[in-house]
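All remarks here apply to the structure that follows.
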Amino acid sequence: MKIQSVRGMNDVLPVDAAAWQHVYAVAAQVFAAYGYGELRLPVVERTELFKRAVGEVTDVVEKEMYSFEDRGGENLSLRPELTAGVVRAGIEHGLLFNQQQRVWCTGPVFRYERPQAGRYRQFHQLDVEAFGIPTPDVDVEIIAIAAQLWRRLGMSGFTLELNSLGTPASRAVHRAALVEYLSLHEAALDDDSKRRLGTNPLRVLDSKVPATQAIVANAPQLLDHLDAVSLAHFAAVRQGLDDLGIPYVINPRLVRGLDYYTHTVFEWTTTQLGAQSAVCAGGRYDGLVQQLGGPQTTGIGFGLGIERLIALMALQNVPVADNRPHIYFCRFGAAAERDAMKLAEQLRIDMPQLRLVLNAGGGGLKSQLKRADASGARYALILGDEETAARCVQVKSLRGEGEPNQCPWSELAAQLSARLAL
RNA sequence: GUGGGCGUAGCUCAGUUGGUUAGAGCUCCGGAUUGUGAUUCCGGAGGUCGUGGGUUCGAGUCCCAUCGUCCACCCCA
């Protein structure tokens, strides 16, 4: 049997890693710009944590978790999302007691699903969470962080979909009305919707089946059941987004898949990724911390799918920080090869930003220059017996920037600094 | 879990109604005045045709199974 990666768990190869590094670099910068601190968490948690946080009857918990018993008999799971672990850590270290916390987190998450475009069994999320701030201004802040990220990455074409689930109480009232209405029409519903009626009736509102859509058109609307507090909160969020000039569309059928959401929910969607439209999604979860055994404190945050983001960046030809070498150093002849190694090392000391590849493994000048070209380097340095006798190096542009010149060793760092603006 | 498409060289693919030693482009390596790339020309390396059975004188091609992969549903980032 040929050994290969586990289904749905992909390798990121060096050619693609530049985009990942770029995303992480820009994201860290953005989060810092809003005063969010990084939290680094284990990939494995007790299964119970996710059952309680995400919800016992959700698909994620029922059929998508990688769960196992360790050698001590503990039931553990690979995390299917980041928020539960963030809350657990916050409670465990006393970060959520009567205080505000702004944190972010990243890493792999795991869901046992059939892979398809933009969907993997191991994928990566960026998570941003704010705790202990019940007011709608932080809802706006969280959404603005994503908008700022798109801006700094140079991305466009997102739709911000927005909805409010209200308080648990108003949500329960609506749910009861909805179930009552749908039950009257149950015979006409498609099979999936009949099933959802018992599990997650809000989902029926989102059905793609035409016959079901016709029934849903007259169903009780969630927004009609919001209480005064919920309506005021929602209005303030919309006002804040308007003030910042962040466009959005109200989607009354937007329901997040996980149980813990209250009030604001949102998704940044795109039409450019096939069947997977959500790139970034989140909302407020004011009951979650207490539900997990912590103090009564509020929370709001989002999860962003890095694979989807990077796929979209590729589609939009978003420029990525260049990590190709500046210099490829060709060398041949016994004495010259030793001198070149010393020069290369000194250049890296003199120019900390320099990316220099020193030819290794021998080869003629022709083949070394081919490697130089293929490496993407802007300049080749050439050191052979002639140069080493004259204590100089040939500096040759590989990108049509003038004729080669012979540069004395003593002036090499200065010349390269000037040429590369390093 | 359900449905459909596809598995031939490192990559992208061709391969006729079944018929000799399975091809192309790209990549890689070497050469075209000794030490000058990316263009051009010449040459070379690289494949148990996913795997296992079956039909046949003969299977990359037909049949069955299996694995993998892609896309969609469910659900989600």
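Here the structure is a predicted model, which is why all the values come from computation and not from measurement. We name chains A, B, ... by the order of the sequence lines, and we start the count at 1 in each one. All heavy atoms count here, side chains included; hydrogens, waters and symmetry mates do not.
Each of B:G35, B:C75, B:A77 was ranked by its minimum atom distance to the side chain of A:L365; first place goes to B:G35. If you check B:G37, B:G35, B:A77 against the side chain of A:Q394, the one that comes closest is B:G35.
Cation-pi check for A:R121 over A:Y112 is met; the charged atom lies under 6.0 angstrom from the ring centroid and within 45 degrees of its normal. A cation-pi arrangement is not found for A:R52 relative to A:F50, the charged atom failing to lie both closer than 6.0 Å to the ring centre and inside a 45° cone about the ring normal.
Separation of the P atoms belonging to B:U27 and B:C42 is 15 Å when rounded to the nearest angstrom. Taking the P atoms as reference points, B:U39 lies 50 Å from B:G3, given to the whole Å. The same atom, P, is picked in B:C63 and in B:U21; the two are 24 Å apart, to the nearest Å.
For the pair A:E64 CD and B:C73 P, the computed distance is 14 Å after rounding to whole Å. Here B:C29 presents its C1' atom at 8 Å from NZ of A:K370, a figure rounded to the nearest Å. Rounding to whole angstrom units, OH of residue A:Y120 and P of B:C70 are separated by 8 Å. As rounded to whole Å, 16 Å separates atom C1' of B:A38 from atom OH of A:Y379. With rounding to whole Å, A:K63 atom NZ is found 10 Å from B:C73 atom C1'. Whole-Å rounding puts the A:D16 CG to B:C11 C1' distance at 14 Å. To the nearest angstrom, C1' of B:A77 lies 13 Å from CG of A:L312. A straight line from CG of A:D11 to P of B:U69 spans 12 Å, rounded to a whole angstrom.
A salt bridge links A:R102 to A:E141: one of the charged nitrogens lies within less than 4.0 Å of a carboxylate oxygen.
Two residues, A:G8 and A:G274, neighbour RNA chain B, and the one matched to the more 5' nucleotide by heavy-atom proximity is A:G8. Nearest-nucleotide assignment on RNA chain B puts the 5′-proximal partner with A:L369, out of A:F123 and A:L369.
Contacts of A:I382 with the nucleic acid, taken as non-hydrogen atoms under 4.0 Å apart, include base atoms. When heavy atoms are screened at a 4.0 angstrom cut-off, A:E387 is found touching base atoms of the nucleic acid. Among the protein residues, A:G364 comes within range of no part of the nucleic acid, since none of its heavy atoms lies under 4.0 Å from any strand. Using a 4.0 Å heavy-atom cutoff across all strands shown, A:R196 reaches sugar-phosphate atoms only and no base atom. A:Q368 comes within 4.0 angstrom of no nucleic acid atom, judged by non-hydrogen atoms across all strands. Within the nucleic acid shown, A:E113 comes within 4.0 Å of at least one base atom, counting heavy atoms only. At a threshold of 4.0 angstrom between heavy atoms, the contacts of A:A278 are confined to the sugar-phosphate backbone, with no base atom among them.
Contact between A:K194 and A:E186 at its shortest, heavy atoms only, is CE-O, 3.1 Å.
Residue A:R7 has no polar side-chain atom (N or O) positioned under 4.0 Å from OP1 or OP2 of B:C67. The shortest distance between the side-chain N/O atoms of A:Q4 and the OP1/OP2 oxygens of B:G68 is not below 4.0 Å. Taking only side-chain nitrogens and oxygens, A:Q276 never comes nearer than 4.0 Å to OP1 or OP2 of B:A77. For the OP1/OP2 pair of B:U36 and a distance below 4.0 Å, the side-chain nitrogens and oxygens of A:K396 include no atom meeting the criterion.
Pairing of B:A77, defined by two Watson-Crick or G-U wobble distances under 3.5 Å, is not identified with any nucleotide. B:C28 and B:G44 make up a base pair, with Watson-Crick or G-U wobble contacts both under 3.5 Å. Summarising the base pairing, B:G23 is matched to B:C13 through a Watson-Crick or G-U wobble pair whose two defining distances lie under 3.5 Å. Using Watson-Crick or G-U wobble geometry with both donor-acceptor distances under 3.5 Å, B:U55 finds no partner in any strand shown. Under the Watson-Crick or G-U wobble criterion, with both distances below 3.5 Å, B:G3 is paired with B:C71.
In this model, a side-chain donor or acceptor of A:R114 finds a partner on the base of B:G3 within 3.5 Å.
A donor and an acceptor atom, one from each side chain of A:N75 and A:E69, are nowhere located under 3.5 Å apart.
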